[in-house]
Each structure stands twice: as structure tokens, then as C-alpha cells.
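Mind looking over this structure? Questions follow.
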Amino acid sequence: MKYWPYGCMFDMDWSPDEKTETMLWHMAIQNAIEYSGKAAPGSVIGRLMSIRQDLRPHGKILSPLIALKVNQANSLASKEGIEYLRNILAEEAPELLQEREKQARREGLPELINADRGKVVLRFAPNPNGPLSFGHARGIIINGEYAKEYDGELILRFDDTDTIVKPPLLEAYDTIQNEAEWLLGFKPHRVVIASDRMAEYYRHVELMLDGEFGYVCQCSAEAFREFRVTKVNCPCRDNSVELNRQLWTQMLNGTFQPGESVVRVKTDMTLKNPALRDWPALRIQDTVNNPHPRKEIGSKYRVWPLLDFQSAVEDYLQGVTHIIRGKDLMDSTRKQTLLYQHFGWQYPETMYWGRVKVHEWGGFSTSQMRNDIELGKFSGWSDPRLPTIAGLSRTGIQAEALRNFWKELGVTQKDIAVPLATLYSHNIKVIDDDAPRISFIREPVELVIQGVEFDELNIPRHPNNESLGVRNIKLISRTIYIEKADLAHSKLRLKEFGDFDIDGNVASFVAKARTDKRKIIHWTSKDSCDDANFSTILDGELVSINGKFETNNLPIGTAVQLERIGYGIISSTDSIIFTHD
């Protein structure tokens with residue numbers, strides 16, 4: 001047997017060369033970085049053997065050496081910090097550092113298939129029948145993160161070709177663009193409005209008719225449903241190109257009324273999935289009585305593309321390379337793929353996610369929320385009870401928190417149920433370091449303080465952030481407010497002030513330093529507070545609570561931590577909206 005300089009034994013017939021030994025050291029450092037200074041020998045061994053299969057017969061020899069190097073890496077992390085280890089890898093093995101950073105970015109977000117940096121084009125395509133909701137945020141954020149990572153483009157496309165079932169809301173066009181920029185942290189690279197692109201959709205209809213893979217169908221919905229179920233071709237399927245062209249012209253000029261004709265994509269009426277059998281591409285809408293809300297569009301068009309056709313054509317025209325959307329749209333992918341095959345196009349790479357249900361919200365749709373707002377059940381899209389981007393931002397939820405929430409959930413087809421606390425935890429991480437501390441006293445009780453000789457008190461706005469300055473509390477009147485519930489205690493510690501003994505409506509100063517384990521409470525002074533209301537949601541209802549709010553000069557929109565209550569946002573000079581605890 002022979003001894004290695006580090007103290008372990010190995011068979012004299014084999015020993016690790018210098019290159020292997022260096023590799024072990026770098027892998028130990030990489031593992032220590034990944035696990036915050038707590039590298040594990042087993043993890044390093046497992047990874048080593050997966051990369052260097054030639055070393056597998058020598059595991060017993062390598063194990064003690066790896067353990068030693070892992071201990072050395074952990075010791076360096078403890079003494080010098082993780083950044084010190086990162087600098088070692090950056091200098092000696094940058095490829096391992098880049099791999100680690102790539103893995104960190106990959107958390108929650110799998111790599112895009114067939115993605116070339118600088119050539120990736122993604123899209124987020126909402127229906128502008130209302131502003132963005134919490135669910136929409138997933139689409140804009142995930143697509144936006146991929147666009148950033150791959151140095152690609154993100155298109156914001158308004159799919160606004162339905163004036164009947166989901167009629168567009170005019171103000172939503174501008175609102176969605178602003179909300180998208182807020183969520184992304186950058187402006188979408190392109191904005192496309194489908195209703196501006198009708199000429200393109202019509203052009204592709206004519207290509208379908210001329211190519212004999214599209215036809216005008218005059219069958220009733222009930223009749224075609226029977227054909228679809230029985231897998232029998234519709235008689236219209238055998239129309240000549242000339243007849244289809246004539247019928248298409250009649251669709252456009254008003255000869256046909258809604259429901260009397262549609263344009264269909266020829267597929268195969270015997271396909272296993274009924275939804276794919278000669279699916280409808282365009283239909284007639286009554287835009288005379290239901291004009292498009294955009295004045296430049298109005299009643300200009302009678303024939304409108306259905307979403308599967310419009311989206312498919314637009315994705316091709318805009319050069320979309322990757323589509324990321326809900327698994328409930330898998331049939332849309334199948335329909336559109338058949339259309340792409342007819343045109344000879346290459347369909348984009350597609351990824352799907354499952355549904356995410358937030359326990360506290362139940363089921364909300366944009367159409368339902370719009371209807372409830374019109375009925376007066378909610379004050380508007382920014383009502384704090386609604387899971388809209390406007391409602392969330394109004395209550396102090398930050399864009400970064402939403403980005404982190406959706407990135408953490410990632411792209412998985414598994415349906416997920418999560419509590420709002422998950423989003424709140426991300427929000428706390430974003431705002432806590434910069435959220436000024438401030439007092440709001442619910443059910444205020446007035447106390448006279450005795451034994452205090454100074455007229456004002458400066459206390460920090462934040463316990464760990466000196467840059468936020470101090471809160472100047474005036475004590476000229478020697479009168480303070482505490483919450484009624486706290487009056488049940490005869491001994492209290494006023495936070496950042498001192499220990500007090502309570503007798504009736506008198507609070508006697510005991511000491512500045514803590515003298516015992518008496519309850520610590522928040523408070524404010526009569527000289528440094530104003531009347532204000534505190535809005536919160538209780539049992540699904542928006543409730544306003546009056547109280548005393550510490551005087552401040554914080555700008556409207558500032559996220560604050562309300563002492564012993566939670567986080568909130570200043571919505572006006574005399575109003576705070578509760579965010580979460």
C-alpha cells in the first residue's frame with residue numbers, strides 16, 4: 001500500500017493524476033457554492049462518477065480524498081465566504097461556475113428546445129376584454145423571462161377578433177400594455193393588434209380555397225355536428241374552387257347571415273379526435289348591432305377569424321419560434337399543426353403548463369369579473385378583492401414578487417394548488433428591506449405618560465436600514481395612543497421607547513432599557529398622528545377600520561410595515577390598504 005500526501009491510502013497500482021485531483025477540488029468548490037458552504041461528499045462522488053465513468057472502479061480510493069476536499073471547501077466558505085469560492089472557480093474553472101449559474105437560472109424554467117440565442121421569438125396574446133389578471137401574469141412573465149434569457153423578442157398580441165362572446169374593452173388596450181411593462185420590467189418588443197390584420201387573414205383564406213384545403217360550409221351547426229359524430233364528409237367539402245370563391249365573396253358582401261356559412265379547414269373526418277375534424281376557421285359576426293369597440297374597425301368587417309386560425313396565421317407571420325401556454329390548449333396545437341402542414345410551414349416548438357389554483361380566490365374569469373363590476377359587486381378592476389394586476393398592485397404586491405412566484409412554479413403540466421401565502425412570502429422578500437416601519441392604532445385608547453422629561457423621540461424608520469432615516473415622535477402633550485386590546489396588561493413596553501406601568505389611563509415610565517419580559521406593543525403620540533382609515537379584506541368583504549396613523553411624509557404608493565399588523569401601502573394621506581401579514 002502507498003500513502004497519498006493527504007493521509008488516505010490507495011492501491012499502488014492506481015492513483016489519481018494531477019488533472020483528476022484538480023477536478024475533484026473544483027467540483028467540491030462548485031458543490032459548496034451550490035449548497036451555501038455545506039457541500040456533501042456523496043453529492044460530489046455521484047456527480048463525478050456520472051461524468052467520469054472510468055473512475056467508477058476506484059470509488060473506494062477516491063471517497064476519502066473527496067471527503068477531505070469537501071471539508072476544505074466548506075472550511076473556506078465558512079472563513080472567507082461563498083464569493084471567495086466563486087472567485088476561485090471564475091479564475092480556475094469558469095465553465096463549472098457558468099454551469100452552476102445556468103442551473104440556478106434553470107430553477108423552475110426548463111430549457112427551450114431548439115432555441116438559438118438571438119433568434120427566439122415568443123408571444124403573449126391576451127384577449128383585451130379586460131385588464132390583466134393574476135393568471136395572465138404567468139403568461140407574460142414566463143415568456144418574458146425566456147425572451148430575456150435567450151436575447152430574443154417578446155410580442156404582445158391582442159387577440160381581439162371576437163365581438164360577441166368576449167367583446168374587447170377599449171380601455172384595456174392601453175391598460176394591458178402598461179401592466180405588461182410593469183410585470184416584465186421592460187416594454188414588449190412588438191405590439192400586434194389582430195383586428196388591424198384582417199387583410200392578412202383574408203389573404204390566407206383565399207390561399208386555402210385555391211389550395212383546396214379549405215372550403216365554405218353552408219351546413220347548420222346541428223347538421224355538421226352529426227357529420228362529425230358519424231365521421232361522414234360534409235357535402236360542402238366537395239365544392240369546386242370556383243364555388244368556394246363565390247361563396248366566400250357572398251360571406252363578405254352580406255348575402256349570408258351569421259350562422260349560415262363558415263370557412264372550414266379540411267383535415268380528415270375520421271380523425272380520432274372529433275375536435276380536429278374539419279374545424280372552423282372563420283365565421284360571420286353581427287358587427288352592425290355589435291360593432292368592434294375600436295372606432296377604426298367598428299362594423300368594417302362581417303367575417304372574422306376564429307382564434308385557432310387567427311393565432312396560427314399570426315404566429316407564422318410574426319416568426320414565432322416557441323409557444324408556451326396552458327395544457328387546455330393542446331387541441332389548438334393539434335388543429336394549428338394540421339393547418340401548418342397544409343401551408344408547408346414549420347410549427348413552433350410548444351411547451352405547456354397545468355392550472356394553478358389559488359385557494360383563497362376560487363374561480364375567477366375576466367368575463368365574470370367584468371360582469372360583476374358592471375353589476376356593482378366590485379368598485380372596479382382595481383378592487384382589492386379581485387385577482388387582477390390592478391387590484392394586486394393597489395394593495396402593494398410588487399412586480400418582482402409576481403415574477404419570482406411564477407418562475408418558482410415554473411413550467412409543468414401538473415395542476416398545482418397554492419395558498420396566497422406563497423405569493424406573500426415572495427413579496428416580503430422584495431419589500432421588507434426598504435419598507436419603513438410605521439404605527440397605525442386600531443381602536444385607540446388615550447394614555448397620559450408620566451416620568452418622561454424629553455419632548456420628542458427619534459426612532460429608526462427601519463431596524464436594519466439606516467438610510468431610511470428616523471421617525472420623529474413629538475411628546476409635548478405627554479399623551480399617547482395604544483390599542484384597546486393592549487390595555488388588558490398592566491405592564492407594557494412601548495417599542496423603541498421604554499418600559500411603562502399602566503394604571504387606568506396613566507402610563508408611568510419605568511426605564512428605557514428592558515427590565516422584564518413584559519409585552520412589547522406599538523404606539524403613537526397625540527402630537528404625531530392623524531386620523532386615518534385602514535382598508536382590509538375580512539370574509540371576502542372590503543372593510544374600513546378607523547384609527548390613529550403616525551404622521552409621516554412618505555409618498556403615496558410607499559410600501560410600509562405596520563407595526564404588529566403586517567404590510568400595507570399608503571394609498572392617500574389618510575388611508576392605508578392592507579397587503580398581507
Side-chain angles (χ1 to χ4, degrees), residues 424 428 431-433 435-466 468-536 538 543-554 558-570 574-581:
Y424 294 160
I428 290 172
I431 66 176
D432 186 67
D433 287 346
R437 275 43 174 174
I438 202 164
S439 287
F440 179 82
I441 311 300
R442 301 161 295 186
E443 293 189 276
V445 174
E446 191 174 292
L447 295 179
V448 176
I449 57 174
Q450 294 181 348
V452 175
E453 298 180 355
F454 42 88
D455 293 337
E456 65 180 24
L457 180 66
N458 287 328
I459 58 180
R461 284 188 185 271
H462 193 292
N464 304 314
N465 190 344
E466 294 181 359
L468 293 180
V470 298
R471 300 147 63 184
N472 181 255
I473 309 298
K474 303 294 184 183
L475 297 168
I476 299 171
S477 69
R478 297 296 191 273
T479 304
I480 64 168
Y481 292 106
I482 68 170
E483 295 197 347
K484 182 179 179 180
D486 292 327
L487 202 58
H489 303 271
S490 60
K491 295 180 181 292
L492 293 169
R493 179 169 181 79
L494 305 186
K495 190 174 182 182
E496 304 289 355
F497 194 169
D499 287 357
F500 285 80
D501 289 341
I502 312 301
D503 184 8
N505 67 338
V506 176
S508 299
F509 181 69
V510 176
K512 184 176 182 180
R514 184 147 199 183
T515 58
D516 51 32
K517 294 183 179 180
R518 63 185 65 200
K519 183 180 182 180
I520 303 173
I521 68 167
H522 66 300
W523 60 282
T524 190
S525 78
K526 188 174 184 178
D527 305 309
S528 296
C529 74
D530 300 292
D531 290 328
N533 66 77
F534 171 81
S535 298
T536 187
L538 294 175
V543 177
S544 183
I545 301 171
N546 295 322
K548 300 294 183 180
F549 190 39
E550 182 182 320
T551 304
N552 66 88
N553 58 359
L554 298 172
T558 300
V560 297
Q561 186 185 94
L562 301 166
E563 302 274 21
R564 296 174 64 213
I565 296 176
Y567 294 87
I569 189 167
I570 297 178
D574 61 353
S575 179
I576 317 99
I577 297 179
F578 182 63
T579 305
H580 49 70
D581 53 24

**Exercise: identify the closest heavy-atom pair between I473 and S525** =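 Between these two residues, the closest heavy atoms are CG2-OG, 3.5 Å.
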
**Request:** Return the minimal non-hydrogen interatomic distance between W523 and I441, and the atom names on each side.
**Result:**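 Distance-wise, the nearest heavy atoms are CA-CD1, 3.7 Å.
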
**Request:** Kindly assign one of parallel, tilted or perpendicular to the pair F497 and F454, based on the angle between their ring planes and the thresholds 30° and 60°.
**Result:**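 Tilted.
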
**Message:** Tell me whether the count of non-hydrogen atoms from other residues, nucleotides or ligands lying under 6.0 Å of CG in D503 goes above 12.
**Reply:**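 Atom CG in D503 is not crowded, with 12 or fewer foreign heavy atoms closer than 6.0 Å.
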
**Message:** Can you tell whether the side chains of D455 and R478 come within less than 4.0 Å, N to carboxylate O?
**Reply:**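 Answer for the salt bridge query: yes.
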
**Asked** In Å, rounded to the nearest 0.5 Å, how long is the span from NE2 of H522 to CG of D486?
**Response**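 Answer rounded to 0.5 Å: 7.0 Å.
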
**Greater than 12 external heavy atoms within 6.0 Å of K517's NZ** =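 Incorrect, the count does not exceed 12.
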
**Request:** Decide yes or no for N464 and D433: does some side-chain heavy atom of the first lie under 4.5 Å from some side-chain heavy atom of the second?
**Result:**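 Side-chain contact under 4.5 Å: no.
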
**Asked** Hey, does the side chain of N458 reach the backbone of V470 with a donor-acceptor pair shorter than 3.5 angstrom?
**Response**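 Side chain of N458 to backbone of V470, a donor-acceptor pair under 3.5 Å: no, none is there.
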
**Request:** Identify whether the distance between the nearest side-chain nitrogen and carboxylate oxygen of D530 and K548 falls below 4.0 Å.
**Result:**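 No, D530 and K548 are not salt-bridged.
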
**Prompt:** Measuring from F549:CZ to C529:SG, what's the distance to the nearest 0.5 Å?
**Reply:**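 Reported value, rounded in 0.5 Å steps: 11.0 Å.
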
**Heavy-atom closest contact (R493 atom, K512 atom, distance)** =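 So the minimum-distance heavy-atom pair works out to NH2-O, 2.7 Å.
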
**Between N546 and N533, a side-chain donor and acceptor under 3.5 Å** =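 The criterion, which ignores hydrogens and geometry beyond distance, is not satisfied for N533 and N546.
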
**Request:** Determine whether the side chains of D501 and S508 contain a donor N or O and an acceptor N or O closer than 3.5 Å.
**Result:**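 Note: D501 and S508 side chains miss the donor-acceptor criterion.
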
**Request:** Give the C-alpha distance, both sets of side-chain angles, the deciding distance and a yes or no for side-chain contact (heavy atoms from CB on, under 4.5 Å) between S439 and R471.
**Result:** CA-CA 10 Å; S439 287; R471 300 147 63 184; 3.6 Å; yes

**Pair R437 + E563: basic N to acidic O under 4.0 Å** =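 Salt bridge flag = no for E563 with R437.
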
**Prompt:** Which is it for N552 and I570 under the side-chain contact (heavy atoms from CB on, under 4.5 Å) test, yes or no, and what are the steps along the way?
**Reply:** CA-CA 10 Å; N552 66 88; I570 297 178; 3.8 Å; yes

**Prompt:** When rounded to the nearest 0.5 angstrom, what is the spacing between OG1 in T536 and CD1 in I577?
**Reply:**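 Result: 10.0 Å between the selected atoms.
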
**Request:** Please step through side-chain contact (heavy atoms from CB on, under 4.5 Å) for the pair I438 and L562, ending with a clear verdict.
**Result:** CA-CA 5 Å; I438 202 164; L562 301 166; 3.7 Å; yes

**Item:** Spatial distance of atom NZ (K519) from atom NE2 (H489) [nearest 0.5 Å]
**Value:**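 The NE2 atom of H489 is 4.0 Å from NZ of K519, to the nearest 0.5 Å.
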
**Asked** Taking side chain as C-beta onward, heavy atoms only, is R442 less than 4.5 Å from I565?
**Response**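 A side-chain contact under 4.5 Å exists here.
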
**Shortest non-hydrogen contact between I502 and A507, atoms and distance** =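 For I502 and A507, the tightest heavy-atom pair comes out as CD1-CB, 3.6 Å.
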
**Request:** With sequence neighbours excluded, tell me which residues meet ring pair (Phe, Tyr, Trp, His ring centres under 6.0 Å) with Y481.
**Result:**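 In terms of ring pair (Phe, Tyr, Trp, His ring centres under 6.0 Å), with neighbours along the sequence ignored, Y481 is linked to no residue.
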
**Request:** For the residue pair D432 and Y567, confirm or rule out a side-chain donor-acceptor distance under 3.5 Å.
**Result:**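 Looking only at side-chain atoms, Y567 and D432 do form a donor-acceptor pair, the distance falling under 3.5 Å.
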
**Message:** I want to check something: taking the side chain as every heavy atom from C-beta on, are F578 and V543 in contact at a cut-off of under 4.5 Å?
**Reply:**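 No; the side chains remain at least 4.5 Å from each other.
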
**Message:** Within this structure, what is the CG-CZ distance for the pair L494 and R518, rounded to the nearest 0.5 Å?
**Reply:**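 The distance works out to 9.5 Å.
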
**Asked** Would you call K491-D516 a salt bridge at under 4.0 Å N-O?
**Response**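 No.
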
**Request:** Before giving the answer on side-chain contact (heavy atoms from CB on, under 4.5 Å), spell out for T479 and L447 the whole-Å C-alpha distance, their side-chain angles and the decisive distance to 0.1 Å.
**Result:** CA-CA 6 Å; T479 304; L447 295 179; over 6 Å; no

**Asked** Heavy atoms, side chains only, cut-off 4.5 Å: are I459 and K495 in contact?
**Response**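 No, their side chains stay 4.5 Å or more apart.
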
**Prompt:** At their closest point, which heavy atom of S477 faces which heavy atom of D527, and how far apart are they?
**Reply:**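 Closest approach of S477 to D527, heavy atoms only: N-OD2, 2.9 Å.
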
**Minimum heavy-atom distance between A532 and I576, given as atom pair plus value** =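 For A532 and I576, the tightest heavy-atom pair comes out as CB-CD1, 4.3 Å.
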
